S.K.: 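Have a look at the structure that comes next, please.
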Number of protein chains: 2
Amino acid sequence: MTKPPTRIQKRNRAAILTAGLDVFSQYGFRGSTLDQIAVAAGLSKPNLLYYFPSKDAIYTALLERLLETWLAPLQQMNADGDPVTEILDYTHRKLEMSRDYPRESRLFANEIVQGAPHIADHLSGELRVLVDEKAAVIQGWAKAGKIADVDAHHLIFSIWALTQHYADFDVQVRAVLNTDDPFARAGPFLDHAVRSILRR
Amino acid sequence: MTKPPTRIQKRNRAAILTAGLDVFSQYGFRGSTLDQIAVAAGLSKPNLLYYFPSKDAIYTALLERLLETWLAPLQQMNADGDPVTEILDYTHRKLEMSRDYPRESRLFANEIVQGAPHIADHLSGELRVLVDEKAAVIQGWAKAGKIADVDAHHLIFSIWALTQHYADFDVQVRAVLNTDDPFARAGPFLDHAVRSILRR
DNA sequence: TCTTTGTTTGACCAACTGGTCAAATCAACG
DNA sequence: CGTTGATTTGACCAGTTGGTCAAACAAAGA
């Protein structure tokens with residue numbers, strides 16, 4: 001039987017995960033060091049390793065905890081709702097996540113661009129199952145003529161691409177736009193874009 | 001006066017850049033080692049540093065050489081052509097680059113996700129100038145009623161996002177689709193998507 | 001051929017890396 | 001208070017890192 005975490009354990013584990021998110025999302029797994037994370041968490045390196053057995057453990061703990069958060073918006077998509085509304089709402093939720101959780105987005109981006117060595121199983125497992133399920137729903141809407149006859153999988157990819165771009169390529173977007181709030185115009189644009197794609 | 005490169009210099013410099021592209025695009029700058037690159041190039045590590053003064057020099061040489069290739073498709077967009085055709089052709093060229101040069105795409109993705117520390121100047125310089133120029137052209141088309149009244153900058157971003165997604169997130173796309181050629185269906189889908197967005 | 005210039009390498013270095021460990025310190029509870 | 005278990009740390013380690021350097025080796029022209 002495992003003992004319940006103490007007050008200090010809760011606080012420090014949380015601090016480490018927050019620090020890990022900061023560092024890993026900026027430098028990727030191999031580019032990040034335990035020292036960086038320790039400093040960001042306000043702990044010594046050996047103390048870090050008292051709470052997590054290894055660098056890898058911090059990283060995978062982060063990734064797996066985030067995977068739920070990441071899949072939630074798609075899970076909310078309701079087969080019984082109005083097709084266009086459901087897909088647009090999903091798009092908005094994803095864009096909100098890019099705005100409110102850019103570090104999480106970049107953590108995944110880093111991981112996947114580099115070949116997803118730590119979460120390959122999750123991609124062809126949980127993720128694939130969920131996407132297939134929702135793609136079937138969308139395909140149903142398309143066959144019923146409620147939206148344009150688009151490839152549902154690629155529609156989902158396109159929503160990912162369009163929304164996550166604003167978090168993952170934030171530096172580029174800001175460099176080109178010279179705006180302090182790129183999301184202001186992104187929202188209406190994406191609304192128009194997705195609406196257009198779905199229009200029969 | 002600088003001397004012209006010898007035959008051996010040409011061969012080895014090219015080998016190093018190819019090897020660097022392989023390694024850097026997979027692991028990012030900090031995640032890559034000179035040993036990895038040396039092995040991939042078929043040279044010893046000191047020999048590598050005979051041709052390039054540092055790891056950083058190899059990386060930035062790669063990035064700057066690639067920047068031209070990367071901007072070329074957008075430069076080709078012709079203000080005097082048919083708006084829809086020009087934008088669709090641009091989309092196709094970008095998707096082709098994702099298919100034919102995925103390592104280059106991932107190299108940039110890695111760099112930009114991690115905050116573009118090596119090419120920040122290029123982003124707010126050359127890139128921004130080019131994008132502003134082409135955005136003005138697109139804005140002109142929109143004002144003239146030749147395409148839908150979309151935000152030109154975000155239209156360009158969306159084309160980047162949609163096309164580069166297939167190179168940068170290749171692992172994820174393949175894991176979900178279970179296809180050996182994700183680009184087969186991506187082409188028609190993107191055609192429909194961009195065409196829809198532009199439709200008045 | 002000899003010489004000059006270009007090329008390659010083994011040995012080496014200091015800094016940094018993830019990780020260990022015993023000892024010191026602290027918190028909580030009876 | 002005293003004791004027990006949780007927490008923290010300094011010192012340390014072996015492996016890796018980017019980079020140096022002198023010496024060995026090849027190429028090419030005179």
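Being a predicted model, the structure only gives us computed values, none of them experimental. Chain letters run A, B, ... following the sequence lines, proteins first, then strands; residues in each count from 1.
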S.K.: May I have the distance from B/Arg11 (atom CZ) to C/dT7 (atom C1'), rounded to whole angstrom?
M.R.: 10 Å

S.K.: Can you list everything that forms a side chain to side chain donor-acceptor pair (under 3.5 Å) with A/Arg11? Sequence neighbours excluded, please.
M.R.: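 Residues passing side chain to side chain donor-acceptor pair (under 3.5 Å) with A/Arg11: none at all.
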
S.K.: Write down the distance between CD1 (B/Ile16) and P (D/dG19), rounded to a whole number of angstrom.
M.R.: 13 Å

S.K.: Could you tell me if B/Asp82 and B/Thr85 have a donor-acceptor pair between their side chains, going purely by distance under 3.5 Å?
M.R.: yes

S.K.: Quickly work out the A/Arg13 CZ to D/dT7 P distance and round it to whole Å.
M.R.: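 Atom CZ in A/Arg13 sits about 8 Å away from atom P in D/dT7.
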
S.K.: Taking only the side-chain nitrogens and oxygens of B/Asn47, find out if one of them lies under 4.0 Å from OP1 or OP2 of C/dT7.
M.R.: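 Looking at the OP1 and OP2 atoms of C/dT7, neither is under 4.0 Å from any side-chain N or O of B/Asn47.
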
S.K.: Pick base, sugar-phosphate or nothing for A/Tyr51, based on heavy-atom distances below 4.0 Å to the nucleic acid.
M.R.: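 It contacts sugar-phosphate atoms only.
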
S.K.: Show every donor-acceptor pair shorter than 3.5 Å between a side-chain atom in residues 136-151 of chain A and any protein atom, with sequence neighbours excluded, or say none if there are none.
M.R.:
residue, atom, partner, partner atom, Å
A/Asp151, OD1, A/His153, N, 3.0
A/Asp151, OD1, A/His154, N, 3.1
A/Asp151, OD2, B/Arg185, NH1, 3.2

S.K.: Where along residues 107-121 of chain B does a heavy atom come under 4.0 Å from DNA chain C, residue by residue in number order?
M.R.: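 Here the set is empty: none.
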
S.K.: For a quick test of reading the model: is some side-chain N or O of B/Ser44 closer than 4.0 Å to OP1 or OP2 of C/dT9?
M.R.: yes

S.K.: Please say whether more than 12 non-hydrogen atoms of neighbouring residues, nucleotides or ligands are located less than 6.0 Å from OH in B/Tyr101.
M.R.: no

S.K.: Would you verify whether the NZ or CZ of A/Arg13 falls within 45 degrees of the ring axis of A/Tyr51 while also being under 6.0 Å from that six-membered ring's centre?
M.R.: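 Cation-pi check for A/Arg13 and A/Tyr51: fails.
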
S.K.: In whole angstrom, give the distance that lies between atom NZ of B/Lys10 and atom P of C/dG6.
M.R.: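 Those two atoms, NZ and P, are 16 Å apart.
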
S.K.: Taking only side-chain N and O atoms of B/Asn12, does any of them lie within less than 4.0 angstrom of OP1 or OP2 on C/dT8?
M.R.: yes

S.K.: Residues two or more places apart in sequence or in another chain: which of them pass side chain to side chain contact (heavy atoms under 4.5 Å, CB included) with B/Pro73?
M.R.: B/Tyr90, B/Arg93, B/Lys94, B/Met97

S.K.: List the protein contact pattern of nucleotides 16-30 of chain C with one symbol per nucleotide (5' to 3'): B for base contact, S for sugar-phosphate-only contact, - for none; contact means a heavy-atom distance under 4.0 Å.
M.R.: -SBBBB-----SS--

S.K.: Within a radius of less than 6.0 Å around OH of A/Tyr27, do more than 12 heavy atoms belonging to other residues, nucleotides or ligands occur?
M.R.: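 Not buried by this count: 12 neighbours or fewer within 6.0 Å.
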
S.K.: Give a yes/no answer on whether the side chain of A/Gln9 brings an N or O atom under 4.0 Å of OP1 or OP2 in D/dT7.
M.R.: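 For A/Gln9, the contact criterion (side-chain N or O under 4.0 Å from OP1 or OP2 of D/dT7) is met.
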
S.K.: Assign the ring pair A/Tyr59 / A/His118 to parallel, tilted or perpendicular, where the plane angle (0 to 90°) is split at 30° and 60°.
M.R.: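 Taking A/His118 first and then A/Tyr59, their aromatic rings stand perpendicular (interplane angle over 60°).
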
S.K.: Could you tell me how far apart B/Tyr50 (OH) and C/dG10 (P) are, to the nearest whole angstrom?
M.R.: 17 Å

S.K.: Can you name the side chain to side chain donor-acceptor pair (under 3.5 Å) partners of B/Arg174, sequence neighbours left out?
M.R.: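 Partners of B/Arg174 by the side chain to side chain donor-acceptor pair (under 3.5 Å) criterion, ordered by chain and then number, come out as B/Asp170.
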
